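Below is the structure I would like to discuss, written out as C-alpha cells.
None of these values were measured; they are calculated from a predicted model. Worth knowing before you read on, the calculation uses all heavy atoms, side chains too, and leaves out hydrogens, waters and symmetry mates.
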Amino acid sequence: MGELEGERGTSSSENRQRIFSRLRPYCIELLELTRNPRKNSSFLAEMYDFLRRAPAAGLQPCLDYTLFPLLLLLDAAVQCRSGKKANSIGGGGQVISDSVAEDTLRCLEGLLTKCHLGSVNQMVMVLKKLTSGALLSSSEASEEFREGIIKCLKAMLLRLQPCSFGSCSCKEIFIFPMLVATLEHCLPKSSYYEEPEECLLSFLQSKDASAAVGHWLSLLLQAAEEEAARGHRGSATLRKEAFLTLRVLVAKVGTADALGFFLPGMVSRFTKSLLVTKNMISGAAGNAGSIEHAILGLSEFLIVVLRDDVNLSGLQMSASEITCSYQNKNESTQTVLDAIRQLPANLHYQSENSMSQSVQTPKTDESKVKIPDTFSGARSLYVQRTKDWVDQTSTHVDKLLSATFPHLCVHPAEKVRKALVDGTMGLLSNCTFTLRRSRLMLLECLCVLVCDDSDVVSSAAEDSLNSLFISGKKILREIDFSELFTSLLERLPKMVLRSEEVAALSHARRLLALMYYAGPELVVDHIFCSPMKAARFLDFFMLSFGHNSQFGGSIDRLISSKPLSVGYLLSVAELKASSLSRDASYVINGDVLPLVSELSMGSLSENMPSEYEFPRMPPWFLNVGSQKLYLALAGILRLAGLSVMTGNRSDISLLGLIDNLLEHVRKLISEVRMKGYNKEGWQSWYSQCSSGQLLRQTSTAVCVLNEIIYGLADHSVSSCLKLFKTEKTVEEALRKEFVCDRLSTSRRSSWKVHQGKDAREHIIHCVGSILHEYTSSEVWELPTDPTSSQLEHDSETNLSLYVFRDSRMLHQVIIEGIGIFSKVIGKDFISCGFMHSTLYLLLKNLICSNVLIRSASDAALHVLSANTGYSTVGHLVVANADYIIDSLCRQLRHLDLNPHVPNVLAAMLSYVGAADEILPLLEEPMRAVSLELEILGRHQHPHLTVPFLKAVNEISKASRFESCRLPGVAESFNAHVMVNVSSAQDMVENTSMSMPENGNFMGIQLQLEHLEELLFKLNDMRRYRRTIGSLASSCLKAATPLVSSHEESTCLAALNILEDTTMCLAKVEEAYRHEKKSKSAIGRAIQLCSFNELEDEIDAEDEDVDENRLLPAMNKIWPYLILCLKNIISVAVIRRCAGVLTKTVQIAGGDFFARRFHTDGPIIWKLLNSSPFQRRPSPSKNSQPLLLPYRSSSLTSEHPMAETSTMKIQSAILNMIAEIASNKRSAPALQTVFNKVSGLVVGIACSNVAGLRDESIKALSGLASINPDPIWLLMADVYYSLMDKDMPQPPSPDLANIRQLLPPPLSSKEYLYVQYGGETFGFDVDPISVERVFQKFSSEVFN
C-alpha cells in the first residue's frame, strides 16, 4: 500500500508502466496455473490485494491483459466441475481446486469493480463465462464459488453507465432511489471512466441481449430458490446476493419493452419465494435480508414494466391525463434521479488517486457506433402491451400480490416490513392505473404498517400515507376510500372473533389508520351521512365489542386466564402464553382488570398512578385480545365521534349516534320497570324475553359510548399519534391538513374539536343525556351478588350466576364512563350539575361486594378529583359534602329502602378522614345513627349494626385526629393572647401617665379592635371544640352498650370507638383548659381598658358546664368493659378490651378507677386463677363457661377453650397490669388491689408455665415501681423456702435471719403470695422458674 501511495506523485505513463509490471508476473502465473492446476496458488491472494489497492486509472489500460488469463482459468474451473472433457488449455482432465477457483473469482470481481468493459464483445465474453459458471448446481460447485459468480456479475453491471448520446435508449431507464440507497456502500468509488464506443446499456435493452437477460433473470431466481430448497443447509448470503444482483440487472435494463415479456414468470417465481416465508422463519428462506431484496426486486420489476407513463396505449389514456395526475409530483425525486444518473461522475468527485484526475475522458462523438433500437418489428421475446394484456397482467399480479403482501405486514423482521413500505409506496406512486385492482390492498398494507411497533417502519409508512392523502395526486379517489372502508368494516367482527389475535390486530389497525389519514370529512360522509349508515357502523362495532368475544381467543389465553387447581403446574407452552398475555391473565370475577395505559394521555393525569387510568379494557374482552387490539378498536370509535366535532356542520349531530346507543339502556330500564310492575322474580325476568341478551347488549353499548365520548377529549388525537409512532408533536399533527380530491377541489380539515361555544355546549348536552340514563335507579337495582339487598324479598333462590356477572360488568363500565366523562369536560362536570348526581353513586359503590366495581369506583373518584381541580378525593368530597350529607340524612330516615347508607357513610369518611369542614355537618347524621344503635333500632335492623358501627368508627377516627390538634392550637393562641394582654396593660399605664385626662383615643381604638378580633377567634375555636366533643360523646354513647355484645365483630368495632372517643374527650378537655386561660386573660384586658361592650359580650357567653365530659364518660363505659371481660367472647375481644381498658385508665387517671378496681377487680383476676394446661373441675350451674374463639354458642365443660387461647388471654391481662402499674398517672388505680394482684402475678411467675414468664416478669416490674418491698418479700418467701444453701446472713447480729423472718411453709397454701392473691389452680411452683425470676429481679429491680 505504501508503494502505491508513493506512486501517486509520478506521471500517468510511469504509473501505468509500474502497474503493468506488477500485473505481468501475476498473469503469467495464472497461465501456468491453468496448465498445471497443482502449482502453488498463493499469489492469488497477493494479486487480489493489489487489484483492490491499485487505482482504476492505472488498471483500466491493462483490463484486456488481465481479464484474459482470469477468464481462461475460470473456464477451466467450470469445465472440470461440469464433467465436460474440454480440449482447452490446461484441460487434460485435471481438476482445479475450490480454493483456486474461489480466489480466481475474487480477483475477477476486484478487477470488474475497478474497471469497466470497453465493448459489447468484451461484455458478451464475460457474460458467457459467468453464465457457464452460474449453471453449476450446488452439488457440482461450492457455495463460495457460486456466490463469487453472482458477485462478479453484479460488479460488472454496476460499472455500466449511460452514454452521452442524448437520444440513446439508455436514457429511458427508470432509476430507483431505493436501489441506490441499498447499493451506496458498494458503488464504484473511482471517478475515472472512459466512455466506450458502444453503449453497453443500450445493448442490454436490444433484441440481441433479450435472451441473455432472460436467462440471467432465471439463473438468479433459480440460485435463490435452490438455496431455499436446501433448508438449513442453504446459504442465506448467496440467496441475498442473487436477489440483489437481480435488482441491479433489472435496474440496468430498466425498460418495459425489454422486460415485459418476462413479467409473468418473474412475478410467479418471486411470489413463490415470498410464500415460502410463511412457514420458514430460519434458514436461507427465512433470512430477513433475502426477503427484503425479494420484496424490493418484485416491486421494482413491476414498476419498470407496469409504469403508467410507459403503458399509455394499454391504458387507453393520453399522456396529458397521466401527466396531470402527477403534476404535483415531488420535485426532490426528480432531483435524486438526476443525481443518480450522474452518480459515477459526481459521487466521489474528489478521488484519492491524483493520477486519475489527469486522465482526460474522451469527448463524446455524436457519430459513434450505436446499437439500433428496432422494437417495431415482431420479436419472439417481445410482448405488445395492449389493453387486454394490461388487464390480464394486472389481474394476475393482483392475485399474487394479495397472496404475499398482507402476511408480510406482520413479519417479525423490521427490515422486511420497511422494504414492504418502500415497495408498496413505489407501486402506488408509479402504477396507479395499471395496478388499480391492487390499489386498495396496497393501501391496506400501508395502514397496517403505519401502526407498526418499529419507529423506522411506522415513520416511513406515515410519510407514504401523508404523500397519498396530502400531495394532491389523484392516486386515491373518494370511491376508493369508500370501498376500502366498507370492506374493512364488514370484515371487522369476523376478524375479531377469530382465534388469531395478530390478524385481528392487523385488520383493526388498517381501519384505524385509514380513518386517521383520510381525515374527518371523509369519515363523516361515510358514517354519518345517513342514519342507516350510522346504525350499520354501530352494529358492526357492537358485534366486535360484544360479549360473544368471551368465547373467542386462543386456548393458551383461555388456560392462562383460569386459576390453577391444586397440584397443577403450567406447562412450558402455557407459561409462554401467559407471558405473552400477562395483561389478560385475570378472570372475569377475579382481581382488578388490566388498564389500557396507552389510552390516557391527558395532562391532568400525568402524575396519576396507572391503576387510576381510564379508559380500561372491558372485562368480557380479555379472552379475545390484548390491550393492543382494544386500543385499535377504541381508536376507531374515538375518531368516529371526533369527526363530527371537527367542523361546523349543522346537518350532522353527534347526539343522533348517542341516542342510537342509549336505546339499549332505555330498553333495559323499561324492562326492569315492567318487572317491578309485574312483581316478577329476577330469575324469571332474566330467563324470558331475552333479558340476559339485552343486559349484555347494554353493557356493550355503554362501552362503545364511553369510547366515543373519550374521543372528544383534547388529548384523544395524541393517543393515535402515539399508536402511529409519529415523531411529530401533537400540535403539528393537529395543524396538519388532510386534503382529498373531491370533484376536482380540495377541502381542508383537521382532527381537532371545534373550540366554539356551541360545540362545547353540544358535548355537555351529550354527556348529560348519557348520565341521565347511567344514573337511573332501575340500572342500579340489578343484583351483583347473591347477598344483594334486592334479593331479600325475592322468592326465587336458585338465581343463575350469569345474572350477577352480567350486572357487575354493566355497573363497572358505567362507573368507568363517569370517570371518562370528567376527563372530557373537566371542570364543567361540576358547573353543569353532573357532580351532584354521580358523586353519591360512586361513594355508594365503594362498599360493593365485588372487587371490580370497588376498584372502578375508587379509580373514578380519583380521576374525577384530578380533572375537576381537586388534589385529593377527600377535598372533592368535602367540597360537595352538603349534597352528600343531605342524601345520607334523607336515606337514613328510610333504612328499609336504603340499607347501604351506613356503608356509604363509612366509605365517605374513610376518604375524607379528619376534615374540619365536614365534621360540623355530621352532627345530624350522627344523631340518626345513635338512634339506630339503640335497642329499638338494633331490633328493627339487626343486620345494619356492624355497618353503622363502621360509620361511627370513621367519625370517631376523624374526631380523634382533629382533637389531637386542638391543645396545640389552643396553647399557641393562649401565648399570643398573653402577649397582646401584656401590650394592652403597658399601653394603659403609659396613657395614664402621659395624658391622664384626655387619654390616647387612637391607640385605645386600635386596642379595642384587636381584642375584639381575639375574642371572635376564641369563640370560633370554642364552637369547633364543642362540635368535636359533641361528636365524640355521641359516638361513645352509641357504641358503649355494644361492648357487651356477644357478636365478635360488633364488640371489636365498639371497642375501637371507645378508645378513639376517650382520647378525643381528653384532648377536648385539655384544649378547654387553655381556652379558659385565654378567656380569663382577654377578660382582664377588657376590664383594664374599660371596654364595657366587650365585657358584656364575654359575660353573655354560656358557661362551660358541659366541658367535664371525660370522667362521666369513663363512669359510663366501665361496667360495659367489665362485662365484656366477663363474657369472654373470643381471644381477640379480650385482648382488645384489655388494651382499651389500659388506655382508658392512663387517659383518665388511676385515682378515678381505684375504687372500681377494688369492686370489679375479681372479674378480671379470675382470668388469672387457672393454668391454661390443666382443666378445672366441672363448673357449677350458675357459672358461665368459657367460649372458644371460633364458637358462637355457649360451651360445656367437655369442650373447654384451647390452651393457647387461654394463654393469650392471660398474657393480655398481665400486659394490662404492667402498663397500668408502670405509668405514674394510672398506677394509683391498683393501690387498693396491690396485694391481690401482686400475689397472683408472683404465683404465675414462679410456676411452670413458661409461655407467661416474660409477661409476668414485666407485670412484676411495673408493680415493683409502685412498691418494691412487698414484691421482694413475696419472691423471697418462695425462693428461700426452696433454697437451703447460700442463705444470706443479716448485716447485724441484732437482726433476725431469713428463716426467722420468713419461716418455711408447711404446704403450698402457706406461701405469702397464696395468702395475698388467693388460691389458684394449676400454677405449681417450679424451682427453676423461681430461681431465674428471683435472680433477675435481684440484679435489675431490687438493686
Do Leu263 and Leu302 come close enough that some side-chain heavy atom pair is under 4.5 Å? yes

Here the pair of heavy atoms bringing Asp308 nearest to Thr432 is OD2-N, 2.9 Å

Roughly how far apart are Phe262 CZ and Leu221 CG, rounded to 0.5 Å? 12.0 Å

Which distance, rounded to the nearest 0.5 Å, do you find between the CG of Leu160 and the CG of Leu200? 5.5 Å

Check ion pair Asp49-Arg106 (N to O, under 4.0 angstrom): no

Does the pair Lys39 and Glu29 meet the rule for a salt bridge (charged side-chain N to carboxylate O under 4.0 Å, His left out), with working shown? CA-CA 9 Å; Lys39 182 180 176 58; Glu29 292 288 342; 3.7 Å; yes

Over all atoms of both residues, closest heavy-atom pair of Cys80 and Ala77: SG-O, 3.1 Å

Let me confirm one number: the CG-CD distance from Asn121 to Glu198, rounded to the nearest 0.5 Å. 6.5 Å

Are Glu414 and Arg417 close enough for a salt bridge, meaning some N to O gap below 4.0 Å? no

Taking all atoms of both residues into account, what is the closest heavy-atom pair of Leu105 and Cys152, and its distance? O-SG, 3.4 Å

Applied to residues 259-275, the side-chain hydrogen bond (donor to acceptor under 3.5 Å, both in side chains) test, sequence neighbours excluded, yields Ser218-Arg269, Glu225-Arg269, Ser268-His396

Of all heavy-atom pairs between Ser235 and Glu143, which one has the smallest distance, and what is that distance? OG-OE2, 2.9 Å

Apply salt bridge (Lys or Arg N to Asp or Glu O under 4.0 Å) to Arg230 and list each qualifying residue two or more places apart in sequence or on a separate chain. Glu227

From the list Arg239, Arg247, Lys240, side chain to side chain donor-acceptor pair (under 3.5 Å) partner of His293 resolves to Arg247

NZ/NE/NH1/NH2 to OD/OE distance under 4.0 Å, Asp391 and Arg436: yes

CG of Leu71 to CE of Met125, rounded to nearest 0.5 Å, is 5.0 Å

Looking at every heavy atom in both Phe145 and Gly133, which two are closest together, and how far apart are they? CE2-O, 4.3 Å

Quick one: does Arg81's side chain get under 4.5 Å of Ile96's, heavy atoms only? yes

Using 30° and 60° as the class limits, which term best fits the ring planes of Tyr26 and Phe50: parallel, tilted or perpendicular? tilted

Just how far is it from atom CE of Met123 to atom CG of Leu130, taken to the nearest 0.5 Å? 11.5 Å

Applying ring-ring contact (aromatic ring centres under 6.0 Å, His included) to Phe20 and Tyr65, what does each step give before you reach the verdict? CA-CA 9 Å; Phe20 178 76; Tyr65 184 80; 4.9 Å; yes

Interatomic spacing from CD1 in Ile295 to CD in Glu300 - rounded to 0.5 Å: 11.5 Å

Residue set satisfying salt bridge (Lys or Arg N to Asp or Glu O under 4.0 Å) with Glu144, at least two apart, ordered chain then number -> none

Main-chain N/O of Ala242 paired with Thr245 side-chain donor or acceptor, under 3.5 Å: no

Closest non-hydrogen atom pair between Glu241 and Ile150, with its separation: O-CG2, 3.6 Å

